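No experiment lies behind these values; they were computed from the predicted model shown.
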Amino acid sequence: QVQLVESGGGLVQAGGSLRLSCAASGDTLNMYIMGWFRQAPGKEREFVAAITRSADSTYSAGSVKGRFSISRDNAKNTVYLQMNSLKPEDTAVYYCAADRHFIISMTSISYDYWGQGTQVTVSS
């Protein structure tokens, strides 16, 4: 079983950048597809981005494409979400998640393990 801990959230002005990290322990991260999701107050959790085990493929939601990028360092057991050109509508709690399956999924139910989340607040 893998444990996930997110970090790097905070308050940033619109147009700014943040880099989220997700550190894994308890298992080898390269056994999992990794994803980032977010949940704003009063809204459902939504897919942000995902990356395959070997980082040979990534997928991002349309709302963040061109602004956010996901990457991973399996040697460090860490996944990253680089967020640029942030907008107030990006304000949410961001979660990383691990999926034991072999095809990237955009649905949260496919992911087996979740972190506690990190708050990102973008001011206008």
Side-chain angles (χ1 to χ4, degrees):
Q1 182 171 339
V2 64
Q3 291 82 44
L4 304 172
V5 178
E6 303 94 337
S7 62
L11 174 64
V12 63
Q13 289 188 330
S17 298
L18 282 175
R19 187 195 197 199
L20 305 184
S21 299
C22 173
S25 61
D27 202 352
T28 305
L29 200 62
N30 61 13
M31 299 293 290
Y32 302 90
I33 286 173
M34 296 300 297
W36 286 95
F37 288 76
R38 67 186 182 185
Q39 188 166 18
K43 295 187 177 181
E44 293 187 352
R45 191 169 297 189
E46 66 172 352
F47 172 80
V48 176
I51 187 167
T52 53
R53 288 172 173 75
S54 60
D56 59 348
S57 182
T58 64
Y59 191 84
S60 300
S63 59
V64 305
K65 196 163 291 185
R67 300 188 298 122
F68 292 11
S69 63
I70 186 171
S71 62
R72 65 192 297 162
D73 185 338
N74 287 336
K76 295 183 177 179
N77 249 20
T78 303
V79 178
Y80 305 97
L81 184 68
Q82 178 66 45
M83 306 187 294
N84 300 326
S85 302
L86 282 159
K87 305 176 181 180
E89 51 263 42
D90 295 318
T91 295
V93 177
Y94 283 72
Y95 300 89
C96 72
D99 185 354
R100 294 175 296 179
H101 300 97
F102 296 94
I103 298 175
I104 283 181
S105 172
M106 295 184 289
T107 58
S108 60
I109 195 172
S110 296
Y111 290 76
D112 303 288
Y113 305 105
W114 292 82
Q116 293 299 308
T118 185
Q119 177 70 47
V120 172
T121 303
V122 184
S123 63
S124 57

Within 6.0 Å of CD in Q116, more than 12 heavy atoms from elsewhere
no
Each residue besides F68 in its hydrophobic cluster should be listed here, by chain and number; the cluster joins Ile, Leu, Val, Met, Phe, Trp and Tyr at side-chain heavy-atom distances under 4.5 Å.
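Members alongside F68: V2, L4, V12, L18, L20, L29, M31, Y32, M34, W36, V48, I51, V64, I70, V79, L81, M83, L86, Y94, Y113, V120, V122.
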Once rounded to the nearest 0.5 Å, what's the spacing between atom [atom1] of [X] and atom [atom2] of [Y]?
{"X": "Q39", "Y": "E44", "atom1": "CD", "atom2": "CD", "value": "8.5 Å"}
{"X": "Y59", "Y": "F47", "atom1": "OH", "atom2": "CZ", "value": "7.0 Å"}
{"X": "R19", "Y": "Q82", "atom1": "CZ", "atom2": "CD", "value": "6.5 Å"}
{"X": "Q13", "Y": "S124", "atom1": "CD", "atom2": "OG", "value": "9.5 Å"}

Suppose we screen for ring-ring contact (aromatic ring centres under 6.0 Å, His included). Which residues come up paired with Y95, at least two apart in sequence or across chains?
none
Any luck finding a side-chain donor-acceptor pair between N30 and T28 under 3.5 Å?
no
Any side-chain to backbone donor/acceptor pair from [X] onto [Y]? Under 3.5 Å, distance only.
{"X": "N74", "Y": "S54", "result": "no"}
{"X": "E6", "Y": "G117", "result": "yes"}
{"X": "Y111", "Y": "S105", "result": "yes"}

Return each pair, listed once, that meets salt bridge (Lys or Arg N to Asp or Glu O under 4.0 Å) where at least one residue sits in residues 59-73; pairs must be two or more places apart or across chains.
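Passing the test, one end in residues 59-73: R67-D90.
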How far apart are the C-alpha atoms of I103 and H101, what are their side-chain angles, what is the distance that settles it, and do they pass the side-chain contact (heavy atoms from CB on, under 4.5 Å) test?
CA-CA 6 Å; I103 298 175; H101 300 97; 6.0 Å; no
Take T58 and T52, measure what side-chain contact (heavy atoms from CB on, under 4.5 Å) needs, and give me the verdict at the end.
CA-CA 6 Å; T58 64; T52 53; over 6 Å; no
